[in-house]
Amino acid sequence: VEQTSPIIGENEVVGSLSPDGRLRAHWSESENGKSITVRDAASGDIHSVWPTDGSLKPLNFTWSPDGTRLAVVIRSDTHVGLECWEVSSERRISRWLHRRFHASDRKFTVPTWSPDGDHIATVGMGDLGDNGLSIWSSHVHVVNVASGRRTVKRQFGNRPRYGGRIKSLSWSPDGRFLAQGTTEGLFDIIASQTDESAVLCKAHDADVRAFAWSPNGQRLATAAADGTVKIIEPRKGNELLTFRVEDDGCSLVSWSPDGK
């Protein structure tokens with residue numbers, strides 16, 4: 001989706017709203033080059049403009065839970081990666097780049113902040129030489145926001161040449177675990193600091209599109225392309241409840257504040 005800004009005459013790709021709904025981040029391109037523009041969501045007034053490296057194109061944005069920082073997925077002809085920016089100071093905190101080695105290695109998806117805002121988990125290809133063909137090597141990468149260093153790299157299920165692609169990713173409320181689901185209906189729960197698997201099991205007969213942890217972290221809701229939602233005990237993988245929501249598939253799931 002593109003829109004022409006009447007204020008500064010740039011072509012902008014509609015971006016992401018901050019958690020409080022006050023600011024919106026966009027990728028902009030003008031005769032002066034590429035930049036990240038943050039605007040007042042209500043008035044459209046410019047809050048800040050951050051010039052980017054000319055070889056790197058911003059693709060999408062994810063705000064930190066407290067709305068003070070912005071994670072930006074970037075891509076060039078040779079690399080894909082993440083940048084983290086501090087909104088108030090307009091300062092780039094860190095950048096992590098991952099070398100592209102296949103035409104399908106286009107970007108990272110589902111970048112997700114840890115609850116404390118210290119790490120970002122995202123899904124992309126593995127490193128050169130990992131697990132055979134890159135198109136089948138869907139990995140979770142966890143990056144430290146302050147340093148820009150990758151702390152965890154893990155293929156789904158830690159199995160070589162596994163064909164399922166990771167489609168969904170979610171942190172537990174305490175930030176200790178990451179749940180990941182694939183196109184083949186499987187889900188894996190790993191320790192976010194060590195990448196050790198806590199649970200690996202079959203959840204659905206279709207893509208696992210979304211997860212939601214209960215507020216206390218004792219239950220996990222999964223939503224799938226077959227229109228089913230399941231409630232699972234994450235520590236053991238036990239299925240507690242299954243119900244059908246939509247025949248055309250379910251892409252979102254969330255809990256009430258009290259978890260009931």
Side-chain angles (χ1 to χ4, degrees), residues 1-30 33-53 56-75 80-96 106-124 141-143 145-146 148 167-173 175 178-179 209-213 215 221 223 249-257:
V1 178
E2 292 191 352
Q3 62 183 16
T4 300
S5 166
I7 301 175
I8 53 178
E10 297 170 320
N11 290 323
E12 296 191 344
V13 177
V14 175
S16 175
L17 278 173
S18 60
D20 61 8
R22 295 190 306 108
L23 299 174
R24 183 184 292 275
H26 307 256
W27 166 67
S28 305
E29 186 171 16
S30 69
K34 301 180 183 71
S35 61
I36 299 167
T37 302
V38 179
R39 294 182 179 274
D40 183 285
S43 68
D45 294 340
I46 295 176
H47 178 275
S48 54
V49 178
W50 313 332
T52 62
D53 186 320
L56 297 170
K57 179 180 179 180
L59 299 177
N60 56 50
F61 309 91
T62 306
W63 293 83
S64 62
D66 61 6
T68 63
R69 289 160 295 166
L70 192 65
V72 185
V73 176
I74 52 178
R75 185 183 73 210
V80 291
L82 288 170
E83 288 186 344
C84 296
W85 290 76
E86 187 175 63
V87 177
S88 61
S89 66
E90 305 178 25
R91 177 180 65 92
R92 189 180 69 202
I93 303 168
S94 63
R95 174 193 286 174
W96 175 65
R106 295 179 55 82
K107 67 177 181 178
F108 288 112
T109 58
V110 290
T112 308
W113 289 81
S114 62
D116 62 8
D118 288 344
H119 293 83
I120 296 173
T122 189
V123 175
H141 304 268
V142 179
V143 177
V145 172
K167 297 285 288 186
S168 51
L169 193 64
S170 179
W171 293 83
S172 63
L178 272 166
R209 292 181 172 178
F211 287 109
W213 294 79
C250 183
S251 298
L252 294 172
V253 63
S254 64
W255 290 83
S256 61

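If you're wondering where the values come from, they're calculated on a predicted model, not measured in any experiment.
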Give me the atom names and distance for the closest heavy-atom approach of [X] to [Y].
X: Ser114; Y: Pro65; result: O-CG, 3.7 Å
X: Pro19; Y: Gly67; result: CD-CA, 3.7 Å
X: Ser172; Y: Pro115; result: O-CG, 3.4 Å
X: Ala212; Y: Trp255; result: O-NE1, 2.8 Å
X: Glu90; Y: Trp85; result: O-CZ3, 3.6 Å
X: Trp171; Y: Ile120; result: CZ2-C, 4.3 Å

Any side-chain heavy-atom pair of [X] and [Y] under 4.5 Å:
X: Leu23; Y: Trp63; value: yes
X: Leu178; Y: Thr112; value: no
X: Val80; Y: Arg75; value: yes

With a 3.5 Å cut-off and no angle check, do the side chains of Ser168 and Arg209 form a donor-acceptor pair?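 Their side chains do not contain a donor-acceptor pair, so the 3.5 Å distance test is not met.
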Just jot down the side chain to side chain donor-acceptor pair (under 3.5 Å) partners of Trp113, sequence neighbours excluded, or say none.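 Listed in chain order: nothing, the list is empty.
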Would you check if the side chain of Arg39 reaches a backbone N or O of Arg24 as a donor-acceptor pair within less than 3.5 Å?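 No, Arg39 side chain to Arg24 backbone: no donor-acceptor pair under 3.5 Å.
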Look only at the side chain of Ser35 and the backbone of Thr37, and say whether a donor-acceptor pair between them is shorter than 3.5 Å.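 Here the side-chain-to-backbone pair does not exist.
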CA sep, side-chain torsions, deciding dist, call: Leu169, Val123, side chain to side chain contact (heavy atoms under 4.5 Å, CB included): CA-CA 8 Å; Leu169 193 64; Val123 175; 4.0 Å; yes
Stepwise side chain to side chain donor-acceptor pair (under 3.5 Å) test for Ser94 and Trp96: CA-CA 7 Å; Ser94 63; Trp96 175 65; over 6 Å; no
Between Val87 and Thr68, is the side chain to side chain contact (heavy atoms under 4.5 Å, CB included) condition met? List the steps. CA-CA 6 Å; Val87 177; Thr68 63; 5.9 Å; no
Can you tell me how far apart [atom1] ([X]) and [atom2] ([Y]) are? Round to the nearest 0.5 Å.
X: His26; Y: Ser16; atom1: NE2; atom2: OG; answer: 10.0 Å
X: Ile36; Y: Arg92; atom1: CD1; atom2: CZ; answer: 9.5 Å
X: Ser18; Y: His47; atom1: OG; atom2: NE2; answer: 9.5 Å

Heavy-atom count check: over 12 atoms from other residues, nucleotides or ligands less than 6.0 Å from Arg22 CZ?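 Counting neighbours around CZ of Arg22, 12 or fewer heavy atoms of other residues, nucleotides or ligands fall under 6.0 Å, so no.
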Given Asn60, which partner from the list Val72, Val73, Ile74 fulfils the side chain to side chain contact (heavy atoms under 4.5 Å, CB included) test?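 Going through the options one by one, the only one that passes is Val73.
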Under-4.0 Å salt bridge between Glu86 and Arg69: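 Salt bridge flag = no for Arg69 with Glu86.
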